[in-house]
Amino acid sequence: EYDMQMDEIKQEFAPHAENLSKSESPMASAAYQAFEMVKDRMLKIVNTKFGSGKLVLIGGIQLNMPHPVMENHFLPMMFE
């Protein structure tokens with residue numbers, strides 16, 4: 001079955017695949033790369049010219065761990 005969302009993710013990762021596979025921790029490197037890709041997309045579409053109000057952008061990497069053995073973690077990466 002064709003998955004359009006997964007296909008787009010694969011296309012975005014493709015230019016980075018070789019470097020990610022050579023890193024000391026490929027899965028961690030992939031998580032950081034995914035964050036950067038999402039951040040870049042978000043910053044392209046976010047509207048910061050909406051008036052006198054304030055806009056806060058918060059982003060990071062969510063680590064979902066096996067519960068109840070370990071707690072989930074959030075790694076903050078952006079607070080603007």
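Residues take their numbers from the sequence shown, with the count starting at 1. Everything numeric here is computed off the predicted structure, so don't read it as measured data.
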Is it true that L43 and Y32 fall in one hydrophobic cluster, defined by side-chain heavy atoms closer than 4.5 Å? yes
Report, one line per pair, each donor and acceptor closer than 3.5 Å where one atom sits in a side chain of residues 70-77; sequence neighbours left out.
from	atom 1	to	atom 2	distance (Å)
N72	OD1	M65	N	2.7
H73	NE2	E71	O	3.2

Would you indicate whether the side-chain heavy atoms of L55 and N47 approach each other to under 4.5 Å? no
Apply side chain to side chain donor-acceptor pair (under 3.5 Å) to K10 and list each qualifying residue two or more places apart in sequence or on a separate chain. none
Show the atom names and distances, to 0.1 Å, of all donor-acceptor pairs under 3.5 Å that link a side chain in residues 12-21 to residues at least two apart or in another chain.
from	atom 1	to	atom 2	distance (Å)
E12	OE2	R41	NE	3.0
E12	OE2	R41	NH2	2.5
H16	NE2	Q33	NE2	3.3
E18	OE2	K22	NZ	2.8
S21	OG	A17	O	3.3
S21	OG	E18	O	2.8

When rounded to the nearest 0.5 angstrom, what is the spacing between CD in Q5 and CD1 in I9? 5.0 Å
Are L57 and M37 connected, step by step, through hydrophobic side chains (Ile, Leu, Val, Met, Phe, Trp, Tyr) whose heavy atoms are closer than 4.5 Å? no
Under a single-linkage rule joining Ile, Leu, Val, Met, Phe, Trp and Tyr whose side-chain heavy atoms are separated by less than 4.5 Å, which residues share a cluster with V38? none
Go through the structure and list residues passing side chain to side chain contact (heavy atoms under 4.5 Å, CB included) with V56, not counting sequence neighbours. I58, F79
Under 4.5 Å side-chain linkage, directly or through intermediates, the cluster mates of M4: Y2
Is any side-chain heavy atom of M6 less than 4.5 Å from a side-chain heavy atom of Q11? no
